[in-house]
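Written below as structure tokens is the structure these notes are about.
Here the structure is a predicted model, which is why all the values come from computation and not from measurement. The figures that follow rest on heavy atoms only: side chains count, while hydrogens, waters and symmetry mates do not.
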Amino acid sequence: MKKTQLIILAGGSGERFGGELPKQFIKIAGKTIIEHTIEKMEHSLVIDSLIIVVNEKYYEYMNEIVLRNHFKKVKKIILGGNSRQESSYAGIHACDCDTDNLLFHDAIRPFISEKILNDVVEALNTYEAVDVAIPCADTIVKVNDNMVIEDIPNRKYLMRGQTPQGFRLSLIKRAYERYIKDKEIAVTDDCGIIAYYKMADIYVVEGEEQNIKITYREDAYLADKLFQINSMKMVENIEEQQLVDQLKDQVGVIFGHTSGIGKDIYDLMKLSGGKVYGFSRSNLIDVANYEEVEGALHSVWEKEGNIDYVINTSGQLSIQKLETMKSNEIGQMTMTNYLGSVYITKASIPYLKHSKGSVILFTSSSYTRGRAMYSIYSSTKAAIVNFAQAISEEIYEDGIRINVMNPERTNTPMRRKNFGIEPEGTLLDSKKVAIETMKTVCSSITGQVVDVRK
């Protein structure tokens, strides 16, 4: 069996990204970008071990990340050089002597798939050097120093390079020994060295559009959306039996359990066989009162000695112009919809630290753009999303997950009260929202907005 090691190149300074930290250490979806990248390699069936090359300034920080996550495949963390090539060269000499294949991957490509990794390693059975690329959708023009077009190449033969790049270790080691003595050649990656010296044919396996490199700030916003899409896929793939198996031994608390989505979640959680406790105004618990929230959670803890998840479905909706709203109505809606979620999350942290558990909050589809007559409601729902994304980073090291459910228009008593009878089939069934919430509780995602659609 051939041994494959992978070098994660994380020595970048992040100058093009801006900010204090290099881009590989920026947090998206509750984790640093490099953590997401390493996790992909940890779960890969074709990667045996990892070497991480970092800037000296962030060596200790990288060590902390590896230790905190208990990454098993990270064999070494070494210091890189002043260029990508110097860092690659350092990585090559850190490889085990019995390594057959060596892959290089950008730390800031966290969406690498197992298919790409598998295709690269498989191709190395035939070729000594393998690149990853995708077809070029745009027309490419070649210009001169005066910005006048000299040529328009046929894009059929043009592709956009990605990583990983894979090599037989013996080949890339020989190539770098030549390159180090002849550094003046202009290359931007490891395959470029092989191509320059014409040392071997470089086979190209097809990459994926999603395998983006997070280089600029705008890329981070796109990455956040990709994590959201991938998280929803992860949630969708959880099967019903998995829910039952995972929830049957857990203890949960649901605020707002007497009607609508909250009631459906409560009932389904009970059916799974776990222990579920519900709190709402009907049993004199006001989520806008921190002492009452904390007291409710403490009562469950005293009885069960554990709390695995906390869900807040409490909400208040009033559709009217801000001008006509009374100040106490504004205050009550803000307290219930926003501060209630804040209080529940804060009060839950000590208990969920113990269980490495999960918080689920609820937003509304109106959070992305405020609408007339919904100014207070929409803004509180937007605040919940921002709050959860921020808190996910604070509590990540405690092993606590927090996510936000975002159902589209749902058939609930609160909606019927405000909108009356709407055409049958136009609203989402609240039981579907309950099932997707259960799946999210059982998933490993954090810091995500989980859309629920018909």
Side-chain angles (χ1 to χ4, degrees), residues 27-30 221 224-225 227-228 231-232 235 253-257 260-262 265 279-281 285-290 292-294 297 309-319 322 329-349 352 357-371 373-396 400-410 412 414-415 418 428 430 433-434 436-437 440-441 443 445-453:
K27 287 188 177 180
I28 300 177
Y221 297 112
D224 192 54
K225 282 300 176 185
F227 276 120
Q228 183 179 348
S231 296
M232 287 190 289
V235 170
V253 177
I254 300 173
F255 290 91
H257 76 298
I261 294 171
I265 295 173
F279 298 97
S280 64
R281 287 185 181 274
I285 299 297
D286 181 3
V287 296
N289 184 309
Y290 181 78
E292 291 181 10
V293 169
E294 207 290 322
L297 290 169
Y309 60 87
V310 179
I311 300 172
N312 179 34
T313 66
S314 301
Q316 186 176 342
L317 173 62
S318 177
I319 305 173
L322 180 63
E329 290 178 316
I330 295 171
Q332 186 58 52
M333 196 184 304
T334 304
M335 291 288 289
T336 300
N337 290 354
Y338 178 62
L339 281 181
S341 290
V342 174
Y343 288 163
I344 287 169
T345 303
K346 174 178 169 57
S348 300
I349 290 173
L352 297 179
S358 173
V359 177
I360 302 289
L361 306 177
F362 272 75
T363 187
S364 157
S365 56
S366 65
Y367 87 89
T368 56
R369 186 180 186 279
R371 290 182 288 166
M373 314 289 283
Y374 290 78
S375 60
I376 303 303
Y377 181 78
S378 295
S379 59
T380 57
K381 293 301 181 179
I384 286 172
V385 172
N386 193 282
F387 167 75
Q389 289 170 335
I391 291 301
S392 68
E393 296 182 9
E394 290 186 25
I395 61 179
Y396 173 66
I400 304 173
R401 304 179 308 285
I402 181 168
N403 294 289
V404 182
M405 306 304 298
N406 179 33
E408 64 179 354
R409 298 177 307 131
T410 307
T412 64
M414 184 172 76
R415 185 169 184 89
N418 284 278
L428 182 63
S430 60
V433 182
E436 296 305 311
T437 302
T440 304
V441 168
S443 75
I445 66 173
T446 187
Q448 293 299 304
V449 178
V450 180
D451 295 328
V452 186
R453 300 288 179 258

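Contacts of Gln332 classified as side chain to side chain donor-acceptor pair (under 3.5 Å), with partners at least two apart in sequence or in another chain: Thr336. Every salt bridge (Lys or Arg N to Asp or Glu O under 4.0 Å) that Glu436 has, sequence neighbours left out, goes to Lys439. Residues that satisfy the side chain to side chain donor-acceptor pair (under 3.5 Å) test with Ser348, not counting sequence neighbours, are absent from this structure. Legend: residues meeting ring pair (Phe, Tyr, Trp, His ring centres under 6.0 Å) with Tyr343, ordered by chain and number and at least two apart, are Tyr290. With sequence neighbours excluded, the residues forming a side chain to side chain donor-acceptor pair (under 3.5 Å) with Ser430 are Asp264, listed by chain and number. Here Ser364 pairs with Ser366 under the side chain to side chain donor-acceptor pair (under 3.5 Å) rule; sequence neighbours left out. Taking Thr380 as the reference, Thr334, Asn337, Tyr338, Ile376 meet the side-chain contact (heavy atoms from CB on, under 4.5 Å) condition, with sequence neighbours excluded. Under the rule for a ring pair (Phe, Tyr, Trp, His ring centres under 6.0 Å), the partners of Phe279 that lie at least two apart in sequence or sit in another chain are Phe255.
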Original post:
So Ile311 and Thr313, side chain to side chain contact (heavy atoms under 4.5 Å, CB included) or not? Walk me through it.
Top reply: CA-CA 6 Å; Ile311 300 172; Thr313 66; 3.9 Å; yes
Subject >> Candidate pair Val359 and Ile349, rule side chain to side chain contact (heavy atoms under 4.5 Å, CB included), full reasoning >> reply: CA-CA 9 Å; Val359 177; Ile349 290 173; over 6 Å; no
Original post:
Going through the checks in order, is the side chain to side chain contact (heavy atoms under 4.5 Å, CB included) test met by Tyr377 and Ile319?
Top reply: CA-CA 8 Å; Tyr377 181 78; Ile319 305 173; over 6 Å; no
**OP:** Mind running side chain to side chain contact (heavy atoms under 4.5 Å, CB included) on Val253 and Tyr309 for me, showing each step along the way?
**Re:** CA-CA 6 Å; Val253 177; Tyr309 60 87; over 6 Å; no
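Considering CG of Asn312 and CD1 of Ile344, their distance stands at 3.5 Å, rounded to 0.5 Å. Here CD1 of Ile265 is found 4.0 Å from OG1 of Thr437. Values are rounded to the nearest 0.5 Å. One distance of note links OG1 of Thr345 with CD1 of Ile400; it measures 10.0 Å at 0.5 Å rounding. Note: Ser318 OG to Glu329 CD = 5.5 Å, rounded to the nearest 0.5 Å. Rounding to the nearest 0.5 angstrom, the gap separating the CG atom in Leu361 from the OG atom in Ser314 is 10.5 Å. We find the OG1-CD distance between Thr440 and Gln448 to be 10.5 Å, quoted to the nearest 0.5 Å.
For Arg401 (side chain) and Val441 (main-chain N/O), a donor-acceptor pair under 3.5 Å exists by modelled atom type. Of the possible polar contacts, one joining the Asn403 side chain to the Gly447 backbone as a donor-acceptor pair under 3.5 Å is found.
A side-chain contact (heavy atoms from CB on, under 4.5 Å) with Glu292 is found for exactly one of Leu297, Val287, Asp286, namely Asp286.
In this structure the side chain of Phe362 reaches within 4.5 angstrom of the side chain of Pro407, judged on heavy atoms. The shortest side-chain heavy-atom distance between Val452 and Met405 falls under the 4.5 Å cut-off.
A donor-acceptor pair shorter than 3.5 Å cannot be found between the side chains of Asn406 and Thr363.
Closest approach of Leu322 to Ser375, counting heavy atoms only: CB-OG, 4.1 Å.
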Show me the donor-acceptor pairs within less than 3.5 Å that the side chains of residues 384-396 make with the rest of the protein, sequence neighbours left out.
from, atom 1, to, atom 2, distance (Å)
Ser392, OG, Gln389, O, 2.7
Tyr396, OH, Glu35, OE2, 3.3
Tyr396, OH, Asn69, OD1, 2.9

